[in-house]
Amino acid sequence: VLSTEDWGLAMVPQPCVGVIMLFPIKPHTEDQRKEEAERIAREGQVCSDQVYFMKQYIGNACGTVGIMHTLGNASKSHPGLMLTPGSFLDAFFDKTQGLSPDEIAKALEEAPELETFHTEAASDSANQT
């Protein structure tokens with residue numbers, strides 16, 4: 001996706017249940033993140049119970065967390081999107097349904113399967129740069 005404007009989104013193959021945005025962290029984006037964190041600490045923040053959201057406590061896992069957000073939310077809005085019954089993802093979403101973003105992040109951090117999946121994916125020759 002080159003843009004979130006209509007012309008850019010029109011290039012995304014359909015159906016599409018989610019888009020993960022990645023961008024480089026720069027000093028001004030880090031300053032903005034800190035300002036936002038301070039505002040949230042002061043004023044609080046409410047996340048809709050209709051949104052599956054977790055914090056990220058695992059370093060260098062932004063892609064994984066993005067995919068988890070996409071799957072956690074798409075499964076609600078796209079009933080045809082089925083996770084394999086009994087799979088890690090199916091069990092994880094069942095286990096974390098209704099938990100806070102902090103609690104979900106801790107559950108992901110404590111999931112031994114996640115480290116196994118990361119190690120396997122990182123060592124696969126198709127994923128070498």
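- Contact record, Glu109 with Ile58: CA-CD1, 3.7 Å, taken as the closest heavy-atom pair.
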| field | Residues Phe92, Ile104; criterion side chain to side chain contact (heavy atoms under 4.5 Å, CB included); working and verdict | value | CA-CA 9 Å; Phe92 184 83; Ile104 298 170; 4.0 Å; yes
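- Rounding to the nearest 0.5 angstrom, the gap separating the CE atom in Met54 from the CD atom in Glu103 is 12.5 Å.
- For the atom pair His69 NE2 and Cys62 SG, the distance stands at 11.5 Å (nearest 0.5 Å).
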| field | Residue pair Glu36, Ile40: steps toward the side chain to side chain contact (heavy atoms under 4.5 Å, CB included) verdict | value | CA-CA 6 Å; Glu36 183 178 35; Ile40 290 169; 3.9 Å; yes
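- Under a 3.5 Å cut-off, the side chain of Glu43 and the backbone N or O of Ala41 do not form any donor-acceptor pair.
- In this structure, Arg33 pairs ionically with Glu30, as a charged nitrogen and a carboxylate oxygen lie closer than 4.0 Å.
- Taking every heavy atom of both residues into account, Gln56 and Ala61 meet most closely at NE2-N, 3.4 Å.
- A continuous path of hydrophobic side-chain contacts links Leu108 to Leu83 [ILVMFWY only; heavy atoms under 4.5 Å].
- Connection of Val19 to Val51 is not established within any shared hydrophobic cluster, with ILVMFWY side chains joined at heavy-atom distances below 4.5 Å, either directly or through further cluster members.
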| task | Could you please spell out the steps behind the side chain to side chain contact (heavy atoms under 4.5 Å, CB included) verdict for Glu35 and Arg39? | result | CA-CA 6 Å; Glu35 288 173 15; Arg39 181 188 55 79; over 6 Å; no
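- The two atoms that bring Asp90 and Pro85 nearest to each other are OD2-CA, 3.5 Å, heavy atoms only.
- A single hydrophobic cluster is not seen to contain both Leu99 and Tyr57; linkage of ILVMFWY side chains at heavy-atom distances under 4.5 Å, directly or through other members, places them apart.
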| query | Are Thr116 and Glu113 close enough, and set up right, to give a side-chain hydrogen bond (donor to acceptor under 3.5 Å, both in side chains), and what steps lead you there? | reply | CA-CA 5 Å; Thr116 301; Glu113 301 91 342; over 6 Å; no
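- The CD atom of Gln97 lies 7.5 Å from the CG atom of Asp94; values are rounded to the nearest 0.5 Å.
- Using the six-membered ring where Trp is involved, Tyr52 and Phe93 have ring planes that are perpendicular, over 60° apart on the 30 and 60° scheme.
- Around CG of Asp31, the count of heavy atoms belonging to other residues, nucleotides or ligands within 6.0 Å exceeds 12.
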| query | Could you walk me through whether Thr64 and Leu114 pass the side chain to side chain contact (heavy atoms under 4.5 Å, CB included) check? | reply | CA-CA 9 Å; Thr64 298; Leu114 185 65; 3.9 Å; yes
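- Ile20 has its side chain within reach of Ile67: a pair of non-hydrogen atoms, C-beta onward, lies under 4.5 Å apart.
- When side chains are defined from C-beta on, His28 does not count as touching Gln32, because their heavy atoms never get closer than 4.5 Å.
- In this structure, the side chains of Thr4 and Met21 come closer than 4.5 Å at one or more pairs of heavy atoms.
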